[in-house]
Amino acid sequence: MELYLLPFECPNQPIKMENLITLGRNKENTVPLASPLVNERHARIERLEKNFILRDLRSAEGTYVNQTRILEALLKEGDHIQIGPFGFRIENEDTLNENHLLTSKSKKWNEQLCRVPYFAKTDLPVLLLGASGTGKEVLAANIHKNSFRRMGPFVTVNCSALSESLVESELFGHIRGSFTGSTQDRKGAFEAARGGTLFLDEIGDLPISLQPKLLRALENREIRPVGSDKNLKTNVRIIAATHQNLKKAINDGQFRKDLFYRLNVIQMNLPKLRDRREDFEQLLYTFAKEYKVRFSENAVQVLKNYTWPGNIRELRNLISRTSAIFPNEYIGPEHLNHLIEPFALGEALGNAVSVPLLQDVERDLIVQGLIANHGNQRKTAADLGLPKSTLNDRIRQYNIDIAALLKTRGAAI
C-alpha cells in the first residue's frame, strides 16, 4: 500500500512517498520549508525496497520522529516527523480517503480544520459543538490520532444513552457490592482511557446531579469509583461534544457554568451539511467509493438539493442503504423515492423547479409514479410526498397525458 507524507499545516495536500524526498530551506528540495530553523538541506527520505528511511543531514536544529531526535529512522504508518516548526504524519491511502471528511472547500471551516493538528498536540480540553450527524466523533478521533496520546486508547461514552443510575459507574467505575448486581470490580471510562483520550459525547445530556463529580474529576485529576473510599489519579485528555445550546442550558439551570468553562478551552463549531454545500459531491463520492455505489448526474443534482437534516451521517446511511437495496445498479432519479422519504424527496424537487435539469427529473418521477399506480393521482401524490393539487399543477405544467401514457404502457386507468 502506498504511503504519503501529510503536512500538519495543510493536510489536504499529501505528498506521495517516492524513491527520494528531500526536505530543507532551499527551494530546490522536494519539500521546501521556509524557516531559519531549517537547514538548506535538512533531511531526506529514501525508499529501500518496501521500507522508507529518514536521514538527518547533519542539521543544526535536528530532525525528530515521535518527539525523539534521530540521525536515521525507519518510518512506519502513523509516525510524526518534526523539522523546525514543520510537522508531518505518515499515512496510507485508506486513511487519506478518511481525511476527506476532515478537509473542506469552505474557507471558514477549512481554516478551523487546519488548526486541528496544532491543538491536538496539547492536552487541553476540546469542546465540539454542532448538530447531530455533523461528524463530531470522527473529528474527536482525528484529534486523538494527531496527539501524543495516539498510542493510548480512545474511549467514547455517550452521556445521553445511559440512565442516571448508570452514568456514574460508567464514568468512574465501581467496586464489587457497591450496588445490587455489582458482582465484581469494574473500571470506568476514566480508567479505561488511561494514557489516551476520553470522548464524552452528548455532554449536554449529563444529569445535573453528576456534573459536580465530573467537574471535580477534571479539576483534581482524580476520581472515586462508586462504593470506594479511595481516590484514583487520572491520566486522560478530555474531548466533549453536544448538539445542545449549552449557554441556554446554563440559563435554564440544566448545565453548570463552571463545568462549561472547564470544558470550553478549545471550541470548534461544526457546520451542518447544508451550510457546506461545496463539500457535498466530495463527501458523496467518498462514501460511494466505500460502498461501491454509482450515481447518475441527475441523481446527484437531486441529492445535492435535499436539505439533509441528518447531515453527514444521513448521507452515509443513504449510500449504505443504496448499496443494500440496489447492489451493482447505476442509481438514477427513479431510485430515489425508495431511498429518501417521499415528502423530503418532493421538497428537494420542489426547491429546484426553476432548474431545467431537475424539471426533467421531476417529470420522470411523476410519470413513473403514475404508471406504478395505474394513473391514480391521489396515490401518486402520496408516494411523492406532494399535495394532490400540486401534482395536478405539475401534470398540466408538463403536459402529461395520463390516458395516452398508460395506453402506451399497455395498462388501463
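Bear in mind that the values here come from a model prediction, so they are computed numbers and not experimental data.
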Engineer: For Val38, which of Thr63, Leu23, Leu33 qualifies under side chain to side chain contact (heavy atoms under 4.5 Å, CB included)?
Structural biologist: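 The side chain to side chain contact (heavy atoms under 4.5 Å, CB included) with Val38 is passed solely by Leu33 among Thr63, Leu23, Leu33.
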Engineer: Do any N or O atoms from the side chain of Ser35 and from the backbone of Leu37 form a donor-acceptor pair under 3.5 angstrom?
Structural biologist: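 Confirmed, Ser35 side chain pairs with Leu37 backbone.
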Engineer: Do Glu77 and Tyr4 get their side chains close enough for a donor-acceptor pair, meaning under 3.5 Å?
Structural biologist: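 Tyr4 and Glu77 do not have a side-chain donor-acceptor pair below 3.5 Å.
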Engineer: Between Lys76 and Asn66, what is the shortest heavy-atom contact and its length?
Structural biologist: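 Minimum heavy-atom separation between Lys76 and Asn66: NZ-ND2, 4.3 Å.
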Engineer: Return all side-chain donor-acceptor pairs below 3.5 angstrom for residues 216-226, not counting sequence neighbours, or 'none' if the list is empty.
Structural biologist:
from   : atom 1 : to     : atom 2 : distance (Å)
Glu222 : OE2    : Asn231 : ND2    : 3.1
Arg224 : NE     : Asn231 : OD1    : 2.9
Arg224 : NH2    : Asn231 : OD1    : 3.4

Engineer: Going by atom types alone, do Ser104 and Asn110 pair a side-chain donor with an acceptor below 3.5 Å?
Structural biologist: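 No - no donor-acceptor pair under 3.5 Å links their side chains.
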Engineer: Can you find a heavy atom in the side chain of Arg44 that is under 4.5 Å from one in the side chain of Leu20?
Structural biologist: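 They are in contact (side-chain heavy atoms under 4.5 Å apart), so the answer is yes.
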Engineer: Test your reading of the model: is there a side-chain donor-acceptor pair from Arg149 to the backbone of His144, 3.5 Å cut-off?
Structural biologist: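 No; judged by distance alone, with no hydrogens or angles, the pair does not exist.
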Engineer: Ring centres under 6.0 Å, that's the criterion: do Phe260 and Phe255 meet it?
Structural biologist: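 That pair fails the under 6.0 Å test.
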Engineer: Locate the shortest heavy-atom distance separating Pro32 from Asn26; write the atom from each residue and the value.
Structural biologist: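 Heavy-atom minimum between the residues: CB-O, 3.9 Å.
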Engineer: I need the single residue from Val236, Leu198, Leu200 that forms a side chain to side chain contact (heavy atoms under 4.5 Å, CB included) with Val155. Which is it?
Structural biologist: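 That would be Leu198; it is the only one of Val236, Leu198, Leu200 passing the side chain to side chain contact (heavy atoms under 4.5 Å, CB included) with Val155.
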Engineer: Run the salt bridge (charged side-chain N to carboxylate O under 4.0 Å, His left out) test against Asp401 and tell me which residues pass, sequence neighbours left out.
Structural biologist: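 Asp401 satisfies salt bridge (charged side-chain N to carboxylate O under 4.0 Å, His left out) with no residue once adjacent residues are dropped.
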Engineer: Among side-chain atoms of Thr286 and Gln282, is any donor-acceptor pair under 3.5 angstrom?
Structural biologist: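 Yes - a donor-acceptor pair under 3.5 Å links their side chains.
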Engineer: Any donor and acceptor pair, going by atom type alone, linking the side chain of Arg194 with main-chain N or O of Pro153 inside 3.5 Å?
Structural biologist: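 Here the side-chain-to-backbone pair does not exist.
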Engineer: Would a distance-only check, ignoring hydrogens and angles, find a side-chain to backbone donor-acceptor pair under 3.5 Å from Arg55 to Ile45?
Structural biologist: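 No, because the side chain of Arg55 does not come within donor-acceptor range (under 3.5 Å) of the backbone of Ile45.
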Engineer: Kindly say whether Pro333 contributes a backbone atom to a donor-acceptor pair with the side chain of Asn298 at under 3.5 angstrom?
Structural biologist: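 No.
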